[in-house]
Chemist: 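Just passing along the structure, written as structure tokens.
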Amino acid sequence: MQTTLSDWLALQETSSAPLQRGLEQVAEACRVIAGLVERAPLEGRLGALTTTNIQDEVQKALDLASNDVFLDLCGQEPVFAGFASEELDDVSMGTQGGDFLLAFDPLDGSSNIEVAMCVGSIFSVLPAPDAARGRAIQAEDFLQPGRNQLAAGYALYGPQAMFVLSVGAGVAGFTLDRDRREWILTHPDMTVPEESGEYAINSSNERHWKPGLRQFMAAVQVGREGPLKQDFNMRWTAAMVADVHRILVRGGVFLYPADNRPKVANGKLRLLYECAPMGWLVEQAGGVAYGANGPVLNVRPSSLHQRSPIALGSRRVLEQAWAEYLVSDGAAEG
Ligand code: AFP
């Protein structure tokens, strides 16, 4: 018999009934977005808009439609006190007194949309602070380290739509059965293999890299003759969700470093709704995840849309990379 997401959630001792209801609503939002992505060329929703988000990135019609789906569907579930999104300058109110805060990137990798490649959604559930129960949610309420997360996950819209989730006791993956409108458990106990020879980095930025990263990547390219004693193969999908999914299935490392360009002084990816949830999933699956100066989950954000460098993936190669090369690069947090 097949296990649905609801069946699986009901068995999780680390997840309360309100959290389960919230997560089912997030999964429903992702199911709806999977349909929007699939139908985008038919409904004229492939293109860029003239608007930009707070990070000065041009928004796509699907970015905003996906954002609306998250806010609309998750807003119907009173367990969420407030929302933070890549596409919103400030927080959005949920139900006052709700137990949880939801941070999300509604459509990650949106430059892949018009070339029919993988995109995804990423989300993070944090506890609503007690002090916020009697008032409207503020941005400061979200500024909690990734270790505080109660649940995190992503949806991948690719050859299959997948929903991958942790409630703090391992990671499980579900595949969308479109006919039944259900997420079905297909990847129980996802584990990042300790050993792997795949790496993902945008090496077109090499001229901007810091010295530690340069040395690490030189060691990667030398392969088994060098200090890392193994050969490597490269993969880069330009959608963090797809790269992290590959790592959760067959291992490897993913790096989006800080570099010498002022715009990338703290990396490109956002701490609250990209690096922290993905770092949590990778740790939950037995891998490691570093930010600017150590484990990314220890970093308390100082603003809603703060960026962070990220290096996550298979334990053996990344622990060695961190200790021998990357730790010296550091980066200003903030
Ligand atoms: P978009 O959502 O703007 O396409 O960015 C995707 C992303 O945030 C992340 O998913 C990728 O890993 C990374 O950016 C790709 O960045 P580069 O375009 O610099 O390779």
Side-chain angles (χ1 to χ4, degrees), residues 30 33 36-37 40 45-67 70 84-88 103-124 152-158 162 164 198-210 213 217 234-248 252-279 281-282 289-291 296 304-313 331:
C30 293
I33 295 169
L36 289 183
V37 169
R45 283 200 225 227
L46 279 184
L49 302 174
T50 50
T51 51
T52 55
N53 65 16
I54 192 166
Q55 287 123 139
D56 217 20
E57 295 160 345
V58 175
Q59 292 173 309
K60 302 259 165 77
L62 262 189
D63 285 324
L64 296 189
S66 306
N67 190 58
F70 258 91
S85 163
E86 181 185 10
E87 304 304 336
L88 297 174
F104 56 89
D105 177 353
L107 202 65
D108 170 65
S110 47
S111 66
N112 279 355
I113 295 169
E114 63 261 38
V115 289
M117 283 174 62
C118 288
V119 291
S121 304
I122 309 173
F123 65 92
S124 162
Y154 60 81
L156 175 65
Y157 314 117
M162 297 225 39
V164 173
E198 281 187 332
Y199 71 94
I201 190 168
N202 184 342
S203 52
S204 69
N205 297 322
E206 181 171 355
R207 67 193 180 285
H208 307 295
W209 288 349
K210 297 185 183 192
L213 178 62
M217 290 309 299
M234 196 206 81
R235 290 285 181 268
W236 183 250
T237 65
M240 185 193 204
V241 169
D243 284 316
V244 170
H245 188 68
R246 188 184 58 252
I247 287 171
L248 284 168
V253 295
F254 169 90
L255 301 103
Y256 211 112
D259 68 32
N260 292 328
R261 290 169 292 175
K263 232 183 132 181
V264 194
N266 291 304
K268 174 183 179 189
L269 304 182
R270 276 52 59 103
L271 182 53
L272 203 57
Y273 42 80
E274 293 179 316
C275 301
M278 292 310 211
L281 287 169
V282 167
Y290 298 101
V296 72
L304 219 45
H305 300 286
Q306 177 177 333
R307 296 176 195 269
S308 170
I310 185 79
L312 55 77

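In each ligand, atom 1 is the first atom listed, and ligand 1 is the first ligand listed.
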Chemist: Return the closest protein heavy atom for atom 1 (P) of ligand 1 as residue, atom name and distance.
Modeler: Ser110 N, 3.7 Å
Chemist: For atom 2 (O) of ligand 1, find the nearest protein heavy atom and state the residue, atom name and distance (0.1 Å precision).
Modeler: Gly109 N, 2.9 Å
Chemist: For a 4.5 angstrom cut-off between non-hydrogen side-chain atoms, does Ser121 reach Tyr157?
Modeler: yes
Chemist: If we only count heavy atoms from C-beta on, is the Asn67 to Phe104 side-chain gap below 4.5 Å?
Modeler: yes
Chemist: Side chains of Leu281 and Val244: does their closest heavy-atom pair fall under 4.5 Å?
Modeler: no
Chemist: Got the closest protein heavy atom to atom 20 (O) of ligand 1, with its distance?
Modeler: Asn202 ND2, 2.7 Å
Chemist: Is there a side-chain contact between Trp209 and Met217 in this structure, where contact means two heavy atoms from C-beta onward sitting under 4.5 Å apart?
Modeler: yes
Chemist: Looking at side-chain heavy atoms only, is the closest gap between Leu107 and Val37 below 4.5 Å?
Modeler: yes
Chemist: At a 4.0 Å threshold, what atoms of ligand 1 neighbour a non-hydrogen atom of Glu274?
Modeler: 8 (O)
Chemist: For atom 9 (C) of ligand 1, which of Lys60, Met278, Met240 has the closest heavy atom?
Modeler: Met240
Chemist: So which bit of Leu269 gets within less than 4.0 Å of ligand 1, heavy atoms only: side chain, backbone, both or neither?
Modeler: side chain
Chemist: Nearest 0.5 angstrom please: Leu269 CG to Ile122 CD1, how far?
Modeler: 8.0 Å
Chemist: Does any N or O of ligand 1 fall below 3.5 Å from an N or O anywhere on Asp108, backbone included?
Modeler: yes
Chemist: Just to confirm my output: which protein heavy-atom neighbour is closest to atom 13 (C) of ligand 1, and how far is it?
Modeler: Lys268 NZ, 3.8 Å
Chemist: Numbering the atoms of ligand 1 from 1, which are under 4.0 Å from a heavy atom of Ala239?
Modeler: 10 (O)
Chemist: Counting the benzene-type ring for Trp, do Trp236 and Tyr199 have ring centres under 6.0 Å apart?
Modeler: no
Chemist: What is the closest protein heavy atom to atom 19 (O) of ligand 1, and at what distance does it sit?
Modeler: Tyr256 OH, 2.5 Å
Chemist: Do the non-hydrogen side-chain atoms of Val241 and Cys118 ever get within less than 4.5 Å of each other?
Modeler: no
Chemist: Going by distance only, is there an N or O of Phe254 that falls short of 3.5 Å from an N or O of ligand 1?
Modeler: no
Chemist: Would Asn205 count as being in polar contact with ligand 1, using the rule that some N or O on each side must be under 3.5 angstrom apart?
Modeler: no
